[in-house]
Participant: 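Below is the structure I would like to discuss, written out as structure tokens.
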Amino acid sequence: MAIDLTITIAGEGGEGVISSGDFLMQAATRAGMEVVTFKSFPSEIKGGYALSQLRISDEKILSQGDGFNILVAFNGEAYSINKPLLTPGTVLVWDGPHGDFEPEAIPGVTMYNVPMTHISKQELKNPIAKNMVAMGSVAGLFGVPMDSLKASVAAKFKRKGQEVIDFNYAALQAGYDYVKQNHKKTDPFTFPPARPAKDVITLEGNQAIALGAVVAGCRFYPVYPITPATSVGNYLSELILKVNGFVYQTEDEIAAIAAAIGASYVGIKSFTATSGPGVSLMTELLGLAAMAEIPLVIVDVQRGGPSTGMPTKHEQSDLFITAHGGHGDVPKIVLAAADVEECFYLTIEAFNLAEKYQIPVFLLSDASLSLRVEAIKRPDIKSIRIVNRDAARSAVDPKEFMRYKNTPSGISTMGVPGVPGSAYAATGLEHSEDCGPRTSAETKTNMTEKRWRKLDRIEEETSPIEREGDADADVGIISWGLTQTMVREAVVRLRKKGHKVAALYPKVLWPVPVRQIEAFAASVKTVLVPEANVQGQFAELIRSKTSVVPVKQTLYRGEPFLPKEIEAKVEELINANAAVPA
Ligand code: COA
């Protein structure tokens, strides 16, 4: 049977919850396991509820799952929040005695106390090491290799000095010794033994975006930092130097998008990454990129909105602004990544589409995906298709060259500064084929149609959408972004129960892939669209562009769906359909 073990560590921001989860994740990847992580923390630097969850398997993991097998609770709040998930068969490792809570006995739940606060404060005189006392106890109880935890401690705290490394080693040992001396193991969970390492690389979502951009040929990254997009730039600032590119921190988001457009105008592939509030500021310049037909990639790592909202929390609520944002008719493409691997490949796809169609392309990710760690198959960089724009590469006849030639595809050859004969004005003003400003009805009509014609071919020219499940399903689920990973898990479970279910996993959300959505809807009785926003934004886009009227399942609590919530909704729909007389 496949290994499927989920460990949740929960406590207060500032107690080292996130580091603890990272150390366990590193131990699992060193053991050759597949991992998927989920982290959730407040936007404060210290205080508030923080959680780090790790799901480990020897097989491909579909989603972060519904709950945990083992909960390590650093304080009473962490215990109270997670108490509903302490179901029979689960294990609680808790801070006590001398902590701030005492759990009640729950039938079927194995409980191990570890005086984490007491040992770190009173015995080791180092309260910050509480998390390592906890990790030592986890190693003692479940067999996480101490060597691996020590290697992570050494790597993480090297810059803080040997003294910090040493007191953390002591804390690990103290937690380990405590459980060995005070507890007899009565639960069935053990950390999986090491297996031969697979040819994988372990990345966070934002790291994969940075890597994808460099592989796509990006050499310039102007940015104004914003949670949860900031770490794209942190990774890229080191990576891009290796390919003679550079990161430029601008004074605000407007300057960042303007710089990306400027660089792209001269032929340098560039992009910027932001989150909802930054997208709002950038919308004016989207129009310039669309009007001047300049390739542009913007990564939107969505967070809870509106306004400053919940900067560190999950939401999928920027679909409307990315699809419709901008004054006037702004053609653009919106893609959405579901997992870390797609953060890499769809970043490349975003560049390819921007280059090919010379329009703005958004890639949507989100706060949870930005931090999610996954082991992905090592990409074969040489085999990845890279598209470069249609541009004048050598001297052209200035009398013949028409930058905005009204071609059947809407795509016209770009001029490149410095290439003789290809000089042109890239302007936000409406213009004729030769780039001269014009206001005639004919020009406005023709050039608007030229710009929008590009979108006609997107569905045919991008990869067919993956469909899985039964050919004649009772319920067909259409989802996007991270929610797709929960849908995958729900579909497996529902089909195991004998339900007829199918799912469609679009990556291009705008322009809406009308033909494939219509065909999918025709093959199922009811279409369900689960998404993490209150309006049902993708469901609304589908309604407005197709004849399909989906059932919405919306959620806006700042945390992603659980697979079981989608499973329950599908069963509700199947039962409702069954109750309707034929
Ligand atoms: N010994 C020494 N140092 C330790 C330690 C140990 N045993 N355990 C943890 N630490 C350090 C960590 O190294 C980290 O310091 P660093 O940032 O210098 O590396 C720090 O303590 C916090 O630990 P960490 O495990 O990373 O996080 P946490 O679980 O304590 O939670 C956060 C803290 C993540 C909630 C908080 O730091 C944060 O980032 N909040 C979000 C801020 C934000 O983005 N706001 C939005 C603005 S719009």
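Every number for a ligand or one of its atoms is a count from 1 in the order of the listing. Position 1 is the first residue of the sequence; numbering continues from there. Any value given below was found using the heavy atoms of this structure, including those in side chains, with hydrogens, waters and symmetry copies removed.
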Participant: Using a 4.0 Å cut-off to any heavy atom of Pro42, which atoms of ligand 1 qualify?
Facilitator: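 Reading through ligand 1 atom by atom, the close ones are 40 (N), 41 (C).
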Participant: Regarding Asp177 and Gln173, do their side chains bring together a donor and an acceptor under 3.5 Å, going by distance alone?
Facilitator: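 Yes, because at least one side-chain N or O of Asp177 sits under 3.5 Å from a partner of the opposite role on Gln173.
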Participant: Would you mind running through ligand 1 and noting each atom that sits below 4.0 Å from a heavy atom of Glu44?
Facilitator: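 Those of ligand 1 that fall under 4.0 Å from Glu44 are 35 (C), 36 (C), 38 (C), 40 (N), 41 (C).
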Participant: Does only the side chain of Asn131 get under 4.0 Å from ligand 1, or the backbone, or both, or neither? Count heavy atoms.
Facilitator: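 Side chain only.
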Participant: Once you round to the nearest 0.5 Å, how far does CG of Leu286 lie from CG of Leu296?
Facilitator: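 Here the rounded value is 7.0 Å.
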Participant: Using a strict cut-off of 4.0 Å, indicate which atoms of ligand 1 neighbour a heavy atom of Arg159.
Facilitator: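 So the answer, numbered in order with elements, is 16 (P), 18 (O), 19 (O).
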Participant: How close does the nearest protein non-hydrogen atom get to atom 44 (O) of ligand 1, and which residue and atom is it?
Facilitator: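 Looking only at protein heavy atoms, the one closest to atom 44 (O) of ligand 1 is Thr227 OG1, 3.3 Å.
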Participant: Please verify the inter-ring angle class for His118 with His98; under 30° counts as parallel, over 60° as perpendicular, anything in between as tilted.
Facilitator: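 Ring orientation of His118 relative to His98: tilted.
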Participant: Enumerate the atoms of ligand 1 whose separation from the nearest heavy atom of Glu15 is less than 4.0 angstrom.
Facilitator: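 Selected atoms, number and element: 30 (O).
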Participant: With a 4.0 Å cut-off on heavy atoms, does Lys46 reach ligand 1?
Facilitator: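 It does not, in that no heavy atom of Lys46 comes within the 4.0 Å cut-off of ligand 1.
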Participant: At a 4.0 Å threshold, what atoms of ligand 1 neighbour a non-hydrogen atom of Pro311?
Facilitator: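 Those atoms are 48 (S).
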Participant: Rounded to the nearest 0.5 Å, how far apart are CD of Gln553 and CG of Leu555?
Facilitator: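 Rounded to the nearest 0.5 Å, the CD-CG separation comes out at 7.5 Å.
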Participant: Which residue holds the protein heavy atom closest to atom 36 (C) of ligand 1, what is that atom called, and what is the gap in Å?
Facilitator: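 It is Ile45 O, 3.2 Å.
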Participant: To check your reading of the model: name the closest protein heavy atom to atom 39 (O) of ligand 1, its residue, and the distance in Å.
Facilitator: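 Going by distance alone, atom 39 (O) of ligand 1 is nearest to Phe41 CE1, 4.4 Å.
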Participant: Could you tell me which atoms of ligand 1, counted from 1 in the order shown, lie closer than 4.0 angstrom to a heavy atom of Ser19?
Facilitator: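 In order of number, 9 (C), 12 (C), 23 (O), 24 (P), 25 (O), 26 (O).
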Participant: Are any of the protein's heavy atoms under 4.0 angstrom from atom 20 (C) of ligand 1, yes or no?
Facilitator: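 No, no protein heavy atom sits under 4.0 Å from atom 20 (C) of ligand 1.
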Participant: Please assess Lys269 against Phe351 for the test side-chain contact (heavy atoms from CB on, under 4.5 Å), listing each intermediate value before the final yes or no.
Facilitator: CA-CA 8 Å; Lys269 286 189 189 178; Phe351 274 95; 4.2 Å; yes
Participant: Around atom 11 (C) of ligand 1, find the nearest protein heavy atom and jot down its residue, atom name and distance.
Facilitator: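 I find the closest protein heavy atom is Lys160 NZ, 3.5 Å.
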Participant: Against heavy atoms of Gly14, which atoms of ligand 1 measure under 4.0 Å?
Facilitator: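 Matching atoms, with element in brackets: 28 (P), 30 (O), 31 (O), 33 (C).
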Participant: Going by the angle between their ring planes, with limits at 30° and 60°, are Tyr112 and Phe142 parallel, tilted or perpendicular?
Facilitator: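 Ring orientation of Tyr112 relative to Phe142: perpendicular.
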Participant: Check whether NZ of the Lys or CZ of the Arg Lys150 lies under 6.0 Å from the centre of the six-membered ring of Tyr169 and within 45 degrees of that ring's axis.
Facilitator: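 Yes.
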Participant: Is the shortest distance from a heavy atom of Gly11 to ligand 1 less than 4.0 Å?
Facilitator: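 Contact absent.
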